[in-house]
Structure formats: C-alpha cells, structure tokens
Amino acid sequence: MNPMIKLTDMNKWFDDFHVLKNINLSVGEGEKIVICGPSGSGKSTLIRCLNRLEAHQNGKIEINGIPLNDNLKNLQEIRKEVGMVFQHFNLFPHLSILENLTLAPQWVHKIPKEEAEEYAMDLLRRVAISDQAYKYPGQLSGGQQQRVAIARSLCMKPKIMLFDEPTSALDPEMVKEVLDVMVDLAKEGMTMLCVTHEMGFAKQVADRVIFMDEGEIVEEADPETFFSNPTHPRSIEFLAQILH
Amino acid sequence: MSLKYTKNPEKRSLPMMQGFAKWMKKNLFSTPINSAISLILLGLLVKLLGPFLNWLVFNATWEGTAQTCRHNDGACLVFIKEKFIFILYGFYPRELLWRPTLAIAFFIGLCFYSREISRWNKRLLSYWLILILIWAFLLKGGLFGLESVSLDKWGGLPLTLILAVIGIIFSYPLGILLALGRTGYLPLVRSFCLGYIELIRGVPMISLLFMASVMFPLFLPDGLVLPKLMRAQIAIIMFMSAYMAEVVRGGLAAVDKGQYEAADALGLSYWQKMLKVILPQALKIVIPPTVNTAIGMFKDTSLVLIIALSDLLMTTKTSLKDPKWLGFSVEAYVFVALIYFIFCFSMSRYSKRLEKEFSYGGRS
C-alpha cells in the first residue's frame, strides 16, 4: 500500500541555518507518529513543511501520492487532505465558533451553508462543545478553544492531521480534555503526526516515536522501546531531562 | 465621568451640588500639584474663552449694516447672515438652491442610515453609489426637465462634500487593493504598488492638483475633455488611496501570523483568506488611523481652491471680497471652521463608536 506521507532526502534551510537535514520518513495510512525532541530541533518545522507553511529546499515530499512542490494546484489538493492544529489555536476571533468551523467547507468545498452547519454541529458535539457554538473564541477557555480548533480542521474531512504542540500553551488542568479528543481521533483510525512532549499520550496512541535533534531524525522506535530503552545518547539525555 | 457617582445607589441621594463638589475634590484637587495644574488650566480657560464669547455672542452685532458692525467691537454676525448662502453654495443659481440642499439632505440621511453596522451589506454600498448618481443628477440637471447647471457654477459645501465623499468611497477600496498588492506574492504587482505609493506620497497634493489641471489633458485621447472638477477628483482619489494603502498595510501587518497560517492550512485561497479572515481583522485594527486619514483628506479638499474650484473655503474667501463688506474675515473663517469642525468631529465620534461595536464578544 502506498504511504500517506513520504519524505525522501528532504532538506530545509532558514537562510544559512540548516534546519532539516536529509529527512527520510514514511507514514502509512492510519499510523500515529509522535515527534519529540529538544526545542530548536526542527520538529515543528518538519510538520509545517508537510502542508507548505514552510517550503523545503530539496528532496521530495509526497502526500497521499501527490508531490508537494511549487505547483499551486497540488498544494491546494494537499491542504484539503491535511488538517493542522496549532499551539496557539489560531481561531478566527471575528467569527463565532460555528462560523469558524463552516468557513472553509463553505468556501473551499463549496458546501451549502445548512449542510456545513449541520456537520459542524456534529463535530462540536463530538468535542463536547456544541453549547458554545454561537460564542466567540475570546469567550472560551484555552482548552475549549483548542478543541474547537481540532473540530475546525476535521470539518474539512482531512485524511491526515498534524498537531504542532497542541497542549503546550494550555493551563495544566486543560491538557487532558484536549488529549482525550486526540485519543478518540486516533481510535477512529486518523493518520496523525503529533509534535508533543506528552509522554502519556505517546505511550497510549503512538505507533512510532520519532526523536529529533539538530535537524535530524536521531532515533525512531515504538513508544515502549523508546521510553524504556532508548539507544542514542542524545535521546537518553533528553528523556532524562523531561522525566526528571 | 461624574455620572459614575449617580449610578452608585448610596450616593444617588446626594444633592447634585454636593456630588459635584466631591467629584471636583477627587479629580481636580486631589493633591497640591493636581490643584495647581487645575487652577492654571481653569484660569487659562476663563482668560481665553471669556473674551472669545464676548466677541462672538455678547458684544456681537446681530442686526444692521456693515457700518453698524464697524462701530461695534464684537463679531459681525450680520455679515454671516448676509453671506452664508453664498459661502454654502457659491455661484449656484439662487432660484435652484433646493437642488444642492436636497443633495446634502440625502447625504446626511444616508449617513444616519449607515450608522448601524447591522445594515452594512452590498445593498448599502449600492445606496452610496446611487447617492453619487443622485448628486450628479440634482446638481447638474439637464434631465427630466431639470434645468442644466454648468459645472463651474458648482461651489461651496456641496462641492467640498462631493470631493471628500467620492474621494473616500473610491480611495478606501483602492487603498486596500494597493496594500494587498504591496504585501502580496506577485513581484511585478508588488513593485508597481510600492512605486505608486511612494511616488504619490512623495509629492505634495498641491502639485498633484496642478498636474491634474494642466497635465492630465495632455494624456487624454483627442476629443475627450474631462471637466476640471473631475480631474481634481481623480487627483484626490489617487492621493488618498496611497495614504489609505499605507494605513491598511499597517493593519495587515498587525494581524497575527497564526491567522494567515490557519487560513492557509484550511486550504483557503489567497482571496478567500484575505476577504474572510485577514481583512476583517486588519481593517478593524486600523479604524482610528483610517478615520484620521479621512478627516485629513476632508480638510485637504480645500486645496482645490488653488486650481480655482470654488469649494467651501474658496467661497468664503470670495465672500470677503465684496466691497460693501470688507474687513470681516475673522467672522467668515470662524464660520467656515465651524462647518469643517462639525463634519470632522462627527467622523471622529463615529470612529469611536465603530471601534466599540467591532470588538467581538469578550477579548479579541
């Protein structure tokens, strides 16, 4: 079967700074990948390259068989397939929660308003937030906003979900409600790439953990092995630091 | 702010004077320095306002002739009574004054109708465009039995309003387009917009107006003659849109980068992203500088007097040349300043209100 995501010898520079070095990665359908590593290791940049929020300079990226390059049509297709959840939610503050969810389906997929709203309400119920549909993002707590952000991405019926440190801007008591939604999503078979330091989440849902340092994939293993028996010295050091 | 006290149920029973004394004590005389500043400012106010009011109201001449005025110290309001029709309407035929008056009434009516942002939609936009047609029809005439009035008879307040309102209506969208072009992805469009903005901002409006009256005709194809008013209008729109563009660009830069990324990640196209996500936020952020620019432009239309269009300021100056009424320039300028002030102050108040209404529930 063709992989959903395939990176071949991918490199990226910010000016002179080599952020991503020879990344090779293949993600199958329904696979859940957790990416971790010290800050500045390029993990966020890596997943931001997958929907071209950052452009890579050489090497190949293929999403669901579509090559990601300067071709705008390909990019448009890929962005329809790939949902993204940000650290700071990035909800649209001038739109109500419901409008946040229906905006893209109405304009990108040209779905009629009523239909889009119906589906949006379904999703809001799924993330247990349907009673807030007519409020504005500024009136919701961080955890609620992040759940809305997840629902907003799901509204586009993506095949792949990218999570860029979805819980690191949250107050501690709100982390669980967001992780619960992500666990549910994982159970439904979504292909997920998640940059996070939530080791509990990684152990529970990840098929593979990828450890990055200085722009390279240093270690790749199933969570059990990675957490109990890391092999690379830098992973050992990193785990020692985050687990105290 | 003193109202705050009356809202407090305990204090509501206080006699008003007592409440006022308390307010003074708290806000004006709380510390020795505060008291000193308050006294100085109040003293200054009395010193300046007193003589002005004496001049304008108490010693003013309300009835009589220019001769009576010259005997008295105060303002010659007779002059204003005599000349205000001319200042407001210029050389527009006296018997047809109902037409510009009606045009202004339509304009003010539409302003009031447009105050509620719930009414802002495409229909309202078309009302404004229709308003411009109505203006043209009423002022120019020549259709449906309305007597035709030549453009060089237009003057005073209607002319100033035409230049300012049409200027604002057209330069705002143009400014947005220029700002988008300047910040967009297309290198040629970007250089063009940048060049346009810098060029226009780099020259004084007066030189643009001169160019409009002298140079435009040279570029136009043979046989096409644009009236001077229209050429000035085009120059004003060109000038305003460059300034609006820079204001809007500030707003585009102030919108959080995450908003652009979220819109991109959802697969919105460039125009969808801009129209639905970025511009609504950006334009809201720049309401104060936008209105600031609009106010500046409203007043800058008075520069058209140098190419001999009789706008409000020009008619005022002309009214001073009447040999029977020489020497009342202060009265005339105070009067015309008051008219400008009414329009500009309304815009400023309205800007405040818009800012409030656009603050989406809770924090933004």
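Just so it is clear: chains get the letters A, B, ... in the order the sequence lines come, proteins before strands, and each one is counted from 1. Note that the structure is a prediction, hence the values are computed from the model and not measured.
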Trainee: Ignoring hydrogens and geometry, is there a side-chain-to-backbone donor-acceptor pair from A:His94 to B:Lys276 under 3.5 Å?
Mentor: yes
Trainee: Any sub-3.5 Å donor-acceptor pair from A:Gln76's side-chain atoms to B:Gly267's backbone N or O?
Mentor: yes
Trainee: Where on A:Leu91 is there a heavy atom nearer than 4.5 Å to chain B: the side chain, the backbone, both, or neither?
Mentor: backbone
Trainee: What distance do A:Leu72 atom CG and B:Tyr185 atom OH have between them, rounded to the nearest 0.5 Å?
Mentor: 9.5 Å
Trainee: Distance check, rounded to the nearest 0.5 Å: B:Asp264 atom CG versus A:Asn90 atom CG?
Mentor: 11.0 Å
Trainee: Step through the shown structure and confirm whether more than 12 heavy atoms of other residues, nucleotides or ligands are within 6.0 Å of NZ on A:Lys113.
Mentor: no
Trainee: Within the supplied structure, the quantity of interest is the number of heavy atoms (other residues, nucleotides, ligands) at a distance under 6.0 Å from A:Glu118 CD; does it exceed 12?
Mentor: no
Trainee: At a heavy-atom separation under 4.5 Å, does B:Asp256 approach chain A through its side chain, its backbone, both, or neither?
Mentor: side chain
Trainee: Go through A:Leu103 and B:Leu268 one step at a time and tell me if the side chain to side chain contact (heavy atoms under 4.5 Å, CB included) criterion holds.
Mentor: CA-CA 9 Å; A:Leu103 179 74; B:Leu268 294 173; 3.9 Å; yes
Trainee: Side chain of B:Gln272, backbone of A:Trp107: donor and acceptor closer than 3.5 Å?
Mentor: yes
Trainee: Would you say B:Phe170 has more than 12 foreign heavy atoms packed within less than 6.0 Å of its CZ?
Mentor: no
Trainee: Tell me if the NZ atom of A:Lys159 is crowded by more than 12 foreign heavy atoms within 6.0 Å.
Mentor: no
Trainee: For the residue pair B:Glu261 and A:Arg48, establish whether any side-chain heavy-atom pair is separated by less than 4.5 Å.
Mentor: yes
Trainee: Quick one: closest heavy-atom pair of B:Ala262 and A:Phe86, and the distance?
Mentor: CA-CE1, 3.7 Å
Trainee: Kindly give the heavy-atom pair with the smallest separation between A:Ser153 and B:Leu266, and that separation in Å.
Mentor: CA-CD2, 4.4 Å
